[in-house]
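Here the structure is laid out as structure tokens; the discussion comes afterwards.
Heavy-atom basis, side chains included; hydrogens, waters and symmetry copies ignored.
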Amino acid sequence: MLIPHDTRIALDTVVDLVNTAPESEPPREDPADEPADGLDDVAALYAFAERHLISGVGTLGKKDLTAVRDVRARFAEVFAAPDPRTAADLVNRLVAAAGTTPQLTDHDGYDWHVHYFAPDASIADHLAADCGMALAFIIVAGEQERLRRCEAPDCGHAFVDLSRNRSRRYCSSRTCGNRLHVAAYRARRKEAST
């Protein structure tokens, strides 16, 4: 599946955004160990914007944090959508609410690409429009099943399966996948030795 560079960046951004939610990880046995919100304050929102090179952020406040958390929850619904029609409806509502205004731009040394948000859009509308259109690209391509959650029992992070045969099961083969493979290997060895 050929994905334009700016769409890939937006997909990476939406995955990272969804994974900042504490509910992207399963509950812990000890309530004191409950996962923290990755967007717990305005400073974390600034850090997220900087990490993803989100341009034109301006001054952010609690209102922006609340709006981005709302967009994040709606993106999580897209990853949980049972079928393409449901996913499309969710994306349509997100993109429409953001007031999309497609424009060609070549800022910050990047070649021409499309921004779907208005030039003075809030960070929440920016994310809803650009990331929503990236998810729309996946749905239009008939690939909604590529929007997944990690199958590791102690994870649950969102990811986009870009493998050729749509066989990826874990958010990271280095961490979740490797940990489960090692555990299965040890269980087989233990069973064989008894």
Side-chain angles (χ1 to χ4, degrees), residues 1-25 35-79 90-91 94-141 143 146-150 155 157-163 168 171-175:
M1 179 159 119
L2 182 62
I3 299 175
H5 177 72
D6 54 321
T7 301
R8 178 60 194 259
I9 289 171
L11 288 171
D12 291 344
T13 301
V14 73
V15 164
D16 192 29
L17 179 62
V18 169
N19 290 337
T20 64
E23 56 271 6
S24 70
E25 296 187 28
D37 191 322
L39 293 177
D40 60 346
D41 58 19
V42 175
L45 182 57
Y46 273 115
F48 179 88
E50 185 176 316
R51 187 168 59 251
H52 291 283
L53 305 175
I54 299 172
S55 59
V57 170
T59 303
L60 299 175
K62 289 193 181 269
K63 179 180 169 188
D64 295 297
L65 181 61
T66 300
V68 169
R69 284 178 177 167
D70 179 56
V71 167
R72 174 182 70 184
R74 293 165 71 199
F75 280 137
E77 291 176 16
V78 175
F79 275 82
L90 292 164
V91 169
L94 258 168
V95 171
T100 57
T101 309
Q103 299 181 9
L104 285 169
T105 183
D106 67 342
H107 64 89
D108 298 328
Y110 291 105
D111 287 335
W112 288 103
H113 60 282
V114 179
H115 279 185
Y116 294 97
F117 54 91
D120 58 347
S122 69
I123 188 170
D125 285 346
H126 178 134
L127 290 167
D130 264 7
C131 296
M133 291 305 297
L135 292 174
F137 175 85
I138 296 292
I139 295 166
V140 166
E143 303 286 354
R146 289 183 183 270
L147 305 177
R148 298 196 174 156
R149 292 289 188 159
C150 185
C155 184
H157 279 160
F159 68 94
V160 179
D161 178 4
L162 297 177
S163 66
R168 189 169 154 199
C171 64
S172 169
S173 59
R174 286 183 157 167
T175 55

Can you give each donor-acceptor pair under 3.5 Å made by side-chain atoms of residues 118-125, sequence neighbours left out, with the distance rounded to 0.1 Å?
unit_1, atom_1, unit_2, atom_2, d
Ser122, OG, Asp125, N, 3.1

Give every donor-acceptor pair under 3.5 Å between a side-chain atom in residues 42-53 and any protein atom, sequence neighbours left out.
unit_1, atom_1, unit_2, atom_2, d
Tyr46, OH, Leu60, N, 2.7
Arg51, NE, Asp16, OD2, 3.2
Arg51, NH2, Asp16, OD2, 3.3
His52, ND1, Thr13, OG1, 3.3
His52, NE2, Asp16, OD2, 2.5

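When all heavy atoms of Ala136 and Val91 are compared, the closest pair comes out as CB-CG1, 4.0 Å. Closest non-hydrogen pair, Ala128 versus Phe75, comes out as CA-CZ, 3.9 Å. The two atoms that bring Ala129 and Thr100 nearest to each other are CB-CG2, 3.8 Å, heavy atoms only. Heavy-atom minimum distance, Asn19 versus Arg149: OD1-NH1, 4.3 Å.
Remark: Asp6 engages no residue in a salt bridge (Lys or Arg N to Asp or Glu O under 4.0 Å) (not counting sequence neighbours). Every residue two or more places apart in sequence or in another chain was checked for a side-chain hydrogen bond (donor to acceptor under 3.5 Å, both in side chains) with Arg74, and none qualifies. With sequence neighbours excluded, the residues that form a ring pair (Phe, Tyr, Trp, His ring centres under 6.0 Å) with Phe117 are His115, His126.
Each salt bridge (Lys or Arg N to Asp or Glu O under 4.0 Å) pair with one or both residues in residues 35-46, not counting sequence neighbours, appears once here: Asp37-Arg69, Asp37-Arg72.
Residue Leu104 holds its CG atom at 6.5 Å from CH2 of Trp112, rounded to the nearest 0.5 Å. Atom CZ of residue Arg168 and atom OG of residue Ser163 lie 8.0 Å apart, to the nearest 0.5 angstrom. Between atom CZ of residue Phe159 and atom CZ of residue Arg146 there is a gap of 11.0 Å, rounded to the nearest 0.5 Å. Residue Asp161 holds its CG atom at 10.0 Å from CD1 of Ile138, rounded to the nearest 0.5 Å. Atom CG of Leu94 and atom CG of Leu135 lie 8.5 Å apart (nearest 0.5 Å). A distance of 11.0 Å separates SG in Cys131 from CD1 in Ile9, rounded to the nearest 0.5 Å.
Side chain of Thr7 to main chain of Ile3: no donor-acceptor pair is present (N/O by atom type, distance under 3.5 Å, no hydrogens or angles).
Residues Ile139 and Glu143 form no side-chain contact, since every pair of their non-hydrogen atoms from C-beta on lies 4.5 Å or further apart. Counting heavy atoms from C-beta on, the side chains of Leu17 and Leu127 come closer than 4.5 Å. By the 4.5 Å heavy-atom criterion applied to side chains, Val15 and Phe79 are counted as neighbours.
A 6.0 Å sphere centred on CG of Asp106 holds more than 12 heavy atoms belonging to other residues, nucleotides or ligands.
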